[in-house]
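Everything below concerns the one structure shown next.
Owing to the predicted nature of the structure, the values given are computational and were not obtained by experimental measurement. Chain naming here is simple, since letters A, B, ... match the order of the sequence lines and numbering starts at 1 in each.
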There are 2 protein chains.
Amino acid sequence: MKMRSDYTCPLELTHDIIRGKWKPLILWLLSKSGCSPSALKKSIPGISQKMLLQHLNELLECGVIQKTTSERYPLKTEYSLTQRGQKIFEAVSIMQSVGIEMMLEDNREDFLRDKGLL
Amino acid sequence: MKMRSDYTCPLELTHDIIRGKWKPLILWLLSKSGCSPSALKKSIPGISQKMLLQHLNELLECGVIQKTTSERYPLKTEYSLTQRGQKIFEAVSIMQSVGIEMMLEDNREDFLRDKGLL
DNA sequence: CAGCATCCCCACTGATACTG
DNA sequence: CAGTATCAGTGGGGATGCTG
């Protein structure tokens with residue numbers, strides 16, 4: 001993910017961090033509990049392992065998530081939000097509620113009910 | 001801007017709407033007052049006219065902004081947020097405050113002071 | 001299971017010129 | 001000033017296979 005070198009406005013910094021296609025959803029899932037890569041992959045229909053790892057590494061670089069790894073077999077890795085990640089999650093959380101409101105306006109209650117959001 | 005055809009989560013809908021490189025900033029500027037395209041261009045260093053108009057049209061399609069045009073010369077167009085746009089702006093607004101917090105952590109007070117944000 | 005490497009496509013972005 | 005059209009570069013993202 002190409003980050004801007006200079007910013008017009010602080011919101012562009014936040015924007016660059018969550019711009020990736022699956023990043024908001026990853027942050028959303030990690031906010032609920034730490035997750036292994038395989039657990040994340042199962043929860044995100046359509047994502048490839050490559051994109052998952054790439055996005056995770058970029059989020060690591062930005063300091064919004066952290067990981068812990070067990071050195072011995074079976075390999076076990078867990079990603080979780082850092083304190084900075086929890087700030088970013090405030091934005092993601094608003095995005096979620098705004099999305100729900102828009103879907104309600106568009107009569108998508110069916111979708112929301114399927115997801116257990118109503 | 002390619003929108004997903006189906007969504008795992010409502011937050012992806014919000015994400016798709018503001019994913020464009022300059023969209024958060026455009027919404028931020030429009031939230032303060034209606035703006036003409038030329039005024040927006042002046043306020044957004046680095047944006048080309050093509051990208052500005054393209055992003056505006058996409059935001060129009062999503063129903064988050066609206067425009068009013070005077071038919072006669074001199075041509076005068078003004079874009080502004082719709083009610084839905086004001087909901088999206090809630091997310092953009094949080095992105096701004098989170099961005100400010102992160103910049104403060106990174107000792108970027110200088111930047112924020114330049115922008116009149118401190 | 002976690003992570004990396006390679007190949008490839010196309011969407012996003014940019015630069016420029018043109019029309020009403 | 002608002003808006004459109006064309007051409008081109010790049011990097012985000014998908015598919016697949018390999019390694020520890």
Short side-chain N/O contact from [X] to OP1 or OP2 of [N], under 4.0 Å:
X	N	value
B/Ser38	D/dA2	yes
B/Lys21	C/dG14	yes
A/His55	D/dG13	yes

Legend entry - Listed nucleotide nearest any side-chain atom of A/Thr77, set C/dT13, D/dG14, C/dA2: C/dA2

Legend entry - Side chain of A/Met1 - closest among C/dT13, D/dG13, C/dC4: D/dG13

Report yes if some heavy atom in the side chain of [X] is under 4.5 Å from a heavy atom in the side chain of [Y]; otherwise report no.
X	Y	answer
A/Lys21	B/Arg4	yes
B/Leu117	B/Gln96	yes
B/Leu56	B/Leu40	yes
B/Ile26	B/Ile65	no

Legend entry - Distance-only donor-acceptor test, A/Lys2 side-chain atoms vs D/dG11 base atoms, 3.5 Å: no

Within this structure, what is the [atom1]-to-[atom2] distance between [X] and [N], rounded to whole angstrom?
X	N	atom1	atom2	value
B/Leu40	D/dG3	CG	C1'	14 Å
A/Leu52	C/dG3	CG	P	9 Å
B/Asn57	C/dT13	CG	P	14 Å
A/Asp16	C/dT13	CG	P	11 Å
B/Lys41	C/dA15	NZ	C1'	11 Å
A/His15	C/dT13	NE2	C1'	14 Å
B/Lys50	D/dG3	NZ	C1'	13 Å
A/Ile47	D/dA15	CD1	P	11 Å

Inset, instruction - On DNA chain C, check which nucleotide each of A/Arg19 and A/Ser36 is closest to and give me the residue with the more 5' one. - result: A/Ser36

Inset, instruction - Hey, which sits more toward the 5' end of DNA chain C by its nearest nucleotide, B/Gln49 or B/Glu58? - result: B/Glu58

Inset, instruction - List the atom of B/Ser48, the atom of B/Lys41, and the distance in Å for their closest heavy-atom pair. - result: C-CE, 4.3 Å

Inset, instruction - Would you indicate what A/Lys67 reaches in the nucleic acid, counting non-hydrogen atoms under 4.0 angstrom: base, sugar-phosphate, or nothing? - result: sugar-phosphate

